[in-house]
Amino acid sequence: MSEFELKMSPRATFECGQCFRWNADESGVYIGIAYGKIARVRDVSDGDEPRAVLECPAEDYEAVWRDYFDVATDYGAITRHVSINPHMERAAQFGAGIRILRQERWEALCSFIISQCNNIPRIKKIIETMCTLFGEEISDGRFAFPSAERIAGLNEGDLAPLRSGYRARYILKAAIATAAGATFESKADLLRLEGVGEKVASCVALFGLHDLDAFPVDTWMKKAIANHFDKDFDASIFSPYAGLAQQYMFYFERSGKD
DNA sequence: GAACAGGCAACTC
DNA sequence: GAGTTGCCTGTT
């Protein structure tokens, strides 16, 4: 096992609503699974700069985590770009150390289909059940996210234990399209899927395609916009990094620290 | 028991 | 094209 330092805040990154498979243990260390690999991340910040240590096999860092945690992007520069007014400066301060994870496309698509009209604990529960039932076991009791091919071979009855309700049909359709080799390169591509509307497509574009200009608007974002911007608000004021602005706004609004 | 929840699609005017 | 409603399920 090796250790790698990351300039990020685990809490801000994992609790800002972008991912569902990172959970803190009793000592506050986050354990997560992505791309079929498992890792631990702990906060080691001492002063202003958010810092974390990632524990994983060295080969996994090269193969998966370096890109996943987006270490090559200069977040200082793009944070300054979106800090266009005092409110955004405060939001960016509060969310300091947020990184937009480069998640797997299929996992992001499936996860955000499940997210519609659902709260985070329930979304996590459905996803974990799905992984346990259909994912590959990668270590004791820990499962990878199931492949689109595996899900595409199931039917609605197979998905019934997830209790995902009417979303089950959307999950299957997305899995079949993905397994059949459909390429989702943009939000417009995603919008053609049944059960994928503006909000879900924006989330998948931002978190699964790393389109940093995607700007998902849910009820929290509607509140944030209403509270802090004019009626003629347009996310393009943050372009081409509206997605990072969205994460800061969302995380800050939900914190109630405003 | 009814309303609601971090949405979508199909339908109405 | 703006507004309304049904949809599964779990929680309040």
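Predicted model only: the values in this text are computed from it and were never measured. Protein chains get the first letters and strands the later ones, always in sequence-line order, with residue 1 at the start of each.
For the pair A:Glu55 and A:Arg42, the salt-bridge criterion is met [side-chain N within less than 4.0 Å of a carboxylate O]. Using a cutoff of 4.0 Å between basic side-chain nitrogens and carboxylate oxygens, A:Lys7 and A:Glu49 are not scored as salt-bridged. Using a cutoff of 4.0 Å between basic side-chain nitrogens and carboxylate oxygens, A:Glu194 and A:Arg169 are scored as salt-bridged. Using a cut-off of 4.0 Å between Lys/Arg side-chain N and Asp/Glu carboxylate O, A:Arg40 and A:Glu3 are scored as not salt-bridged. Electrostatic pairing of A:Glu253 and A:Lys223 does not count as a salt bridge here, judged by no charged N lying under 4.0 Å from a carboxylate O.
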With pairs defined as Watson-Crick or G-U wobble and both distances under 3.5 angstrom, please note down DNA chain B as a dot-bracket string, | for pairing with another strand.
-> .||||.|||||||
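Taking the six-membered ring for Trp and the full ring otherwise, A:Phe207 and A:Phe112 have centroids separated by under 6.0 Å. Between A:Phe252 and A:His87, the gap from one ring centroid to the other is short of 6.0 Å.
Atom P of nucleotide B:dG6 and atom NZ of A:Lys222 are separated by 11 Å, given to the nearest angstrom. We find that CD1 of A:Ile120 is positioned 21 Å from P of B:dC4, with the value rounded to whole Å. Regarding A:Ile113, its CD1 atom lies at a distance of 19 Å from the P atom of B:dG6, rounded to whole Å. If you measure from atom CG of A:Asn119 to atom P of C:dT11, you get 8 Å, rounded to the nearest angstrom. Rounded to an integer number of Å, the gap from A:Phe250 CZ to B:dG6 C1' is 6 Å. As a whole-Å value, the separation of A:Leu162 CG from C:dT9 P is 11 Å. If you take CZ of A:Arg254 and P of B:dG6, they are 9 Å apart, rounded to a whole angstrom. The CG-P distance, from A:Leu191 to B:dG7, rounds to 15 Å in whole Å.
Checked by distance alone, A:Arg122 brings no side-chain donor or acceptor within 3.5 Å of a matching partner on the base of C:dT11.
Within 4.0 Å (heavy atoms only), A:Arg163 reaches sugar-phosphate atoms of the nucleic acid but no base atom. Residue contacts for A:Leu159: at a heavy-atom cut-off of 4.0 Å it reaches no nucleic acid atom on any strand shown.
Of the residues in residues 165-176 of chain A, those placing a heavy atom less than 4.0 Å from an atom of DNA chain C are A:Gly165, A:Tyr166, A:Arg167, in numerical order.
Using a 3.5 Å distance cut-off with no hydrogens or angles, the side chains of A:Ser83 and A:Tyr248 do not pair a donor with an acceptor.
In this structure, of B:dA5, C:dT9, B:dG6, it is B:dG6 that holds the atom nearest to the side chain of A:Trp220.
Comparing A:Cys117 and A:Lys125 along DNA chain C, the residue whose closest nucleotide (by nearest heavy atom) sits nearer the 5' end is A:Cys117. Nucleotides of DNA chain B nearest to A:Gln18 and A:Gly195 differ in position, and the one nearer the 5' end is that of A:Gln18.
No side-chain donor-acceptor contact under 3.5 Å links A:Glu107 to the backbone of A:Tyr35.
One P atom belongs to B:dG6, the other to C:dA2, and the distance between them is 24 Å to the nearest Å. Rounded to a whole angstrom, the distance from the P atom of B:dC11 to that of C:dC8 is 15 Å. Rounded to whole Å, the separation between the P atoms of B:dA3 and C:dT5 comes to 13 Å.
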List the steps and the verdict of side chain to side chain contact (heavy atoms under 4.5 Å, CB included) for A:Asp158 and A:Leu133.
-> CA-CA 10 Å; A:Asp158 298 322; A:Leu133 290 179; over 6 Å; no
